[in-house]
A.B. asks: 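The structure follows.
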Amino acid sequence: MGCTVLFFGATADATEKRQIDLDLEAGSTVGQVLENVRHSHSGLNEHKLLVALNEEYVSLDTPVQNGDTLAVFTAVSGG
Amino acid sequence: MGCTVLFFGATADATEKRQIDLDLEAGSTVGQVLENVRHSHSGLNEHKLLVALNEEYVSLDTPVQNGDTLAVFTAVSGG
Amino acid sequence: MDFYELSTEVIDFASVSRRFVPAVCGATVTLDGYARKFTKEKDGTVRETEYLVYEAYEPMALKEMAKLIERAKTEFEISAVGIIHRLGRLEIGESSVIISVAAPHRKAAFAACEWLITELKRTVPIWKKEIYAGGESWVEGEAPARPNSLPE
Amino acid sequence: MDFYELSTEVIDFASVSRRFVPAVCGATVTLDGYARKFTKEKDGTVRETEYLVYEAYEPMALKEMAKLIERAKTEFEISAVGIIHRLGRLEIGESSVIISVAAPHRKAAFAACEWLITELKRTVPIWKKEIYAGGESWVEGEAPARPNSLPE
């Protein structure tokens, strides 16, 4: 199974990517995907990160389904 | 000596006047002028009245000078 | 950059709130008060207003508006205040008063704008007449304008 | 009558605050947040901003704005909310966000408008990059978006 991970603002700059596609083991959680992304993109480690799953804030133990979209970003600063 | 008294809104309706000129005894206070005006315009008695002297809120014991302008009106309701 | 005006013309909203955008500011809070058609009474019934008429003791109203702005700028961390109050006949939906406050940060702008409208309704000599189906009446405010002014 | 939008064009202020004037309302409170040129730092120095860039996770930002409006209408006695957030490059003085709240009475409009901007800054996925003399940086918010969302 696989999922898409999106980056914005500081996380897009740190990874030099807007989007990556990941292969996952079945039963992976949002937290596991986040750790996975951190390991492959060390520039993220200087940031406090938030994650959304399919455009919703979720807890880290939420399971990821095949085809899901995660977004990894820093604390928001709109307004 | 004399002063001018202005009316607005409800006090203009109650007196059917926008302005009157009064002769005063020397040493009259704002409170005395107000009583004077109330006696000659009984329509004012159903209203709670405020008074300004020369475009400023003042206390009732403020003396009135020759040529002063008083304004007699109900509690304001702008906004 | 402050301004305070009385106007018998329909007020151009953006001309108040965007008249000044100081370089040290990041937020402007604007209160737009306007003629409400339907007012819910405490007993649950609804009063329907046809139009409003505002009258002012104009020179004193301008002086009191100036004082309010001066006090607001002392008490809050704000940079510019604009107030326009409408006079004469207002149709439903037309603005009776617009108060804009520009500040470096939004919190002070919110606080000052709310303080200004509350004080304006208490101290600035302007009166509202409400015309509804079957009658009309001058609205009388609830509080004396000042502790030392002259409730009878 | 609510609306929420993201825009890459300069926002027309009055088109937000005066888009809806409900017949049961008497007050609209509008927050206009814009790009500040000079910012006083805590150490007393002044930072000069050249321009700003805003980026959003657009579909999620719109969903979060819709949720905020829904919650505001449950928690406050208000009738209509409009929110427009700017994206892309903003020159100094241009509005980044405009939030308007129309209510029967002003008190609820003030409270809801201030609540909405506070929550928007906490939860809506939009990021600001500040470009100043000699550098640029993405601003990171202070709080996690939700207690159960995912600070590392």
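Reminder, nothing fancy here: chain letters follow the sequence lines and each chain counts from 1.
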A.B. asks: Could you tell me which of C/I92, C/I117, C/I99 has the largest number of non-hydrogen atom pairs under 4.5 Å with chain D?
C.D. replies: C/I117
A.B. asks: Sort out for me which of D/A102, D/A14, D/P104 touches chain C most, counting heavy-atom pairs under 4.5 Å.
C.D. replies: D/P104
A.B. asks: Can you pull every donor-acceptor pair closer than 3.5 Å across chain C and chain D?
C.D. replies:
residue: C/R18; atom: NE; partner: D/D32; partner atom: OD2; Å: 2.9
residue: C/R18; atom: NH1; partner: D/G93; partner atom: O; Å: 2.9
residue: C/R18; atom: NH2; partner: D/D32; partner atom: OD2; Å: 3.0
residue: C/R18; atom: NH2; partner: D/G93; partner atom: O; Å: 3.1
residue: C/R18; atom: NH2; partner: D/S95; partner atom: OG; Å: 3.1
residue: C/A23; atom: O; partner: D/K37; partner atom: N; Å: 3.0
residue: C/A23; atom: O; partner: D/F38; partner atom: N; Å: 3.0
residue: C/G26; atom: O; partner: D/Y34; partner atom: N; Å: 2.9
residue: C/A27; atom: O; partner: D/Y34; partner atom: OH; Å: 3.4
residue: C/T28; atom: N; partner: D/D32; partner atom: O; Å: 2.8
residue: C/T28; atom: O; partner: D/D32; partner atom: N; Å: 2.8
residue: C/T28; atom: OG1; partner: D/Y34; partner atom: OH; Å: 2.8
residue: C/T30; atom: N; partner: D/T30; partner atom: O; Å: 2.9
residue: C/T30; atom: O; partner: D/T30; partner atom: N; Å: 2.9
residue: C/D32; atom: N; partner: D/T28; partner atom: O; Å: 2.8
residue: C/D32; atom: O; partner: D/T28; partner atom: N; Å: 2.8
residue: C/D32; atom: OD2; partner: D/R18; partner atom: NE; Å: 2.9
residue: C/D32; atom: OD2; partner: D/R18; partner atom: NH2; Å: 3.0
residue: C/Y34; atom: N; partner: D/G26; partner atom: O; Å: 2.9
residue: C/Y34; atom: OH; partner: D/A27; partner atom: O; Å: 3.4
residue: C/Y34; atom: OH; partner: D/T28; partner atom: OG1; Å: 2.8
residue: C/R36; atom: NH1; partner: D/P104; partner atom: O; Å: 2.6
residue: C/K37; atom: N; partner: D/A23; partner atom: O; Å: 3.0
residue: C/F38; atom: N; partner: D/A23; partner atom: O; Å: 3.0
residue: C/G93; atom: O; partner: D/R18; partner atom: NH1; Å: 2.9
residue: C/G93; atom: O; partner: D/R18; partner atom: NH2; Å: 3.1
residue: C/S95; atom: OG; partner: D/R18; partner atom: NH2; Å: 3.1
residue: C/P104; atom: O; partner: D/R36; partner atom: NH1; Å: 2.6
residue: C/R106; atom: NH2; partner: D/T118; partner atom: OG1; Å: 3.3
residue: C/T118; atom: OG1; partner: D/R106; partner atom: NH2; Å: 3.3

A.B. asks: Can you tell me which portion of C/F110 sits under 4.5 Å from chain D's heavy atoms? Options are side chain, backbone, both or neither.
C.D. replies: both
